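Shown next, in structure tokens, is the structure this report addresses.
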Amino acid sequence: LTGGVAVLPAPQNLTVLSINMKHLLMWNPVAQPREPVLYSVEYQGEYESLYMSHIWIPSSRCSPTNSLECDVTDDITATVPYNFRVRALLGSQTSAWSTLERPFNRNSTVLMAPRMEVTEHGLHLVVKLEDPGPQFEFLVVYWRREPGATEHVKVVKSRDTPVHIETMEPGAMYCVKAQAWVKAIGRHSTFSQTQCVEMQGEPL
Amino acid sequence: EFRFGPCRVEGVVLSELWEAFWAVKNTLQTQDNITSVQLLKPQVLQDVSDAESCYLVHSLLKFYLNTVFKNYHNKIAKVKILKSFSSLANNFIVIVSKLQPSKEKDMLSISERAHRRFLLFRRTFKQMGTEAALVKAVGEVDILLTWMQKFYQL
């Protein structure tokens, strides 16, 4: 209470969960018995915090929101530290701002090994890769399973899957693995599990 | 990545810059009614050698960060423009932070040539009234990005 007037508490424990360049800001709820509480999210990049720290920009998706999380992926468009703040809204009441403890930089996102499906179609290896977004490219590595095999590498943009890899020899076994690469942050994921497929037909 | 001569810059996706500018291009360029003046005129950006490019882009982007964006900010009414400026400015910060223009003596004549180009740009900017110059400089970000694109490798 302040001067006998109930003060709306600020949201606590702001954190960012970032996987595959999807960034989710989360916070604890503000408990209020009667009415639903709304929340408003704002951000500033390194430029704003360096050159004009009074400038905060309303988040694209959560100004306001009744959720306890906010997808801030579209707000983060540079590989620099971003500050975030959240406040609660209840009727005409607004809480103080609660600010993310440490600025978030998208280069800390967790990059998962890509999900991959390898099939054979008329002596072609067909590699289907999940599409996590336009920022992603894939390194597809494939080889013929035999002693001393040479690895071949193909760089694929996320929109260009499934990938048809050139003609293979009938009856031979081919193996494939892939990793994701994000240019904007200069990082790649671990490799996916290797998958092997036998080509139809009698060996030459 | 960008390759301004010996200077390399990773971690900036040029399409993100274009996206930010296209979102506000019409709003910005309709504010500029002085069509007889161009800040980023051919003498500034034409026939820039690779060696000069690192010096010139460093000077231009720092000017945009320290002068243009900073002073144009209080003219911004719409949130959409605020977001675009934030995207441009924060990516310009990444580029500037990664550029390391050489200070070697044998590069002096090249850096001076680049500096003369920049001075020409800044002199034209100063000759205009501040407000008009800010509006024009912001509206010419597409000229700047088009020139920077020549040094961008996919």
Side-chain angles (χ1 to χ4, degrees), chain A residues 21 23 40-64 70-85 103-109 111 133-137 155-160 181-188, chain B residues 1-3 8-24 61-99 134 137-138 141 145 148-149 151-154:
Chain A
M21 294 295 271
H23 321 305
S40 191
V41 177
E42 293 185 346
Y43 68 93
Q44 56 176 204
E46 185 174 19
Y47 177 75
E48 287 78 24
S49 56
L50 284 178
Y51 287 79
M52 42 194 67
S53 54
H54 62 289
I55 294 278
W56 287 84
I57 303 168
S59 168
S60 307
R61 296 168 184 252
C62 315
S63 297
C70 176
D71 182 345
V72 294
T73 305
D74 293 341
D75 298 325
I76 298 177
T77 56
T79 305
V80 294
Y82 277 77
N83 286 317
F84 285 94
R85 69 181 186 179
F104 169 75
N105 190 319
R106 65 180 182 183
N107 61 15
S108 64
T109 193
L111 291 179
Q135 308 244 25
F136 281 75
E137 291 179 9
V155 177
V156 179
K157 292 206 184 302
S158 59
R159 62 177 177 272
D160 299 337
W181 161 256
V182 179
K183 200 186 299 176
I185 59 175
R187 280 185 41 221
H188 52 71
Chain B
E1 65 176 18
F2 283 106
R3 292 189 192 166
R8 299 197 169 206
V9 176
E10 287 181 346
V12 173
V13 180
L14 188 53
S15 55
E16 278 183 337
L17 297 178
W18 277 114
E19 251 172 66
F21 181 75
W22 286 124
V24 292
L61 296 191
K62 281 184 67 178
F63 186 84
Y64 266 85
L65 289 169
N66 296 330
T67 304
V68 178
F69 290 155
K70 189 175 180 187
N71 293 295
Y72 186 85
H73 240 277
N74 41 44
K75 295 168 61 64
I76 298 175
K78 295 182 191 161
V79 171
K80 182 177 92 165
I81 296 184
L82 207 54
K83 288 179 182 294
S84 286
F85 264 73
S86 178
S87 182
L88 284 167
N90 281 291
N91 277 290
F92 278 11
I93 278 191
V94 175
I95 296 171
V96 167
S97 69
K98 295 190 173 181
L99 289 172
L134 287 173
V138 155
V141 164
L145 294 180
M148 289 169 67
Q149 189 151 337
F151 303 90
Y152 190 73
Q153 320 244 335
L154 280 173

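All of these numbers come straight from a predicted model, not from anything done at the bench. Order of the sequence lines fixes the chain letters, A, B, ..., with proteins taken first and strands second; residue numbering starts at 1 for each chain.
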Is it the backbone or the side chain of [X] that comes under 4.5 Å from a heavy atom of chain B, or both, or neither?
{"X": "S63(A)", "value": "neither"}
{"X": "R106(A)", "value": "side chain"}
{"X": "D74(A)", "value": "neither"}
{"X": "Q44(A)", "value": "neither"}

Looking at N66(B), I93(B), V13(B), which has the largest count of heavy-atom pairs under 4.5 Å with chain A?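 Option with the greatest count: I93(B).
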Report the option among L88(B), V94(B), L82(B) that has the most heavy-atom pairs separated by less than 4.5 Å from atoms of chain A.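 Greatest number of close heavy-atom pairs with chain A: L82(B).
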I want to know whether F85(B) and Y47(A) have ring centres closer than 6.0 Å.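 No: the rings miss the under 6.0 Å criterion.
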Is E16(B) close to chain A through its backbone or its side chain, or both, or neither, when contacts mean heavy atoms under 4.5 Å?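 E16(B) touches chain A through side-chain heavy atoms alone.
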Toward chain A, the part of F92(B) with a non-hydrogen atom under 4.5 Å: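 No part of F92(B) comes within 4.5 Å of chain A.
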Do N107(A) and T79(A) pass the side-chain hydrogen bond (donor to acceptor under 3.5 Å, both in side chains) test, and can you show the C-alpha distance, the side-chain angles, and the key distance before you say yes or no? CA-CA 6 Å; N107(A) 61 15; T79(A) 305; over 6 Å; no
Would you please name every residue forming a salt bridge (charged side-chain N to carboxylate O under 4.0 Å, His left out) with E46(A), sequence neighbours left out?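 Result, salt bridge (charged side-chain N to carboxylate O under 4.0 Å, His left out) vs E46(A): none returned.
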Can you name the residues that form a salt bridge (charged side-chain N to carboxylate O under 4.0 Å, His left out) with E1(B), not counting sequence neighbours?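 E1(B) satisfies salt bridge (charged side-chain N to carboxylate O under 4.0 Å, His left out) with R3(B), R8(B) once adjacent residues are dropped.
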Considering residues, nucleotides and ligands other than K62(B), do more than 12 of their heavy atoms fall under 6.0 Å from its NZ?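 Atom NZ in K62(B) is not crowded, with 12 or fewer foreign heavy atoms closer than 6.0 Å.
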Less than 4.5 Å apart, any side-chain heavy atom of F2(B) and any of I95(B)?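 They are in side-chain contact.
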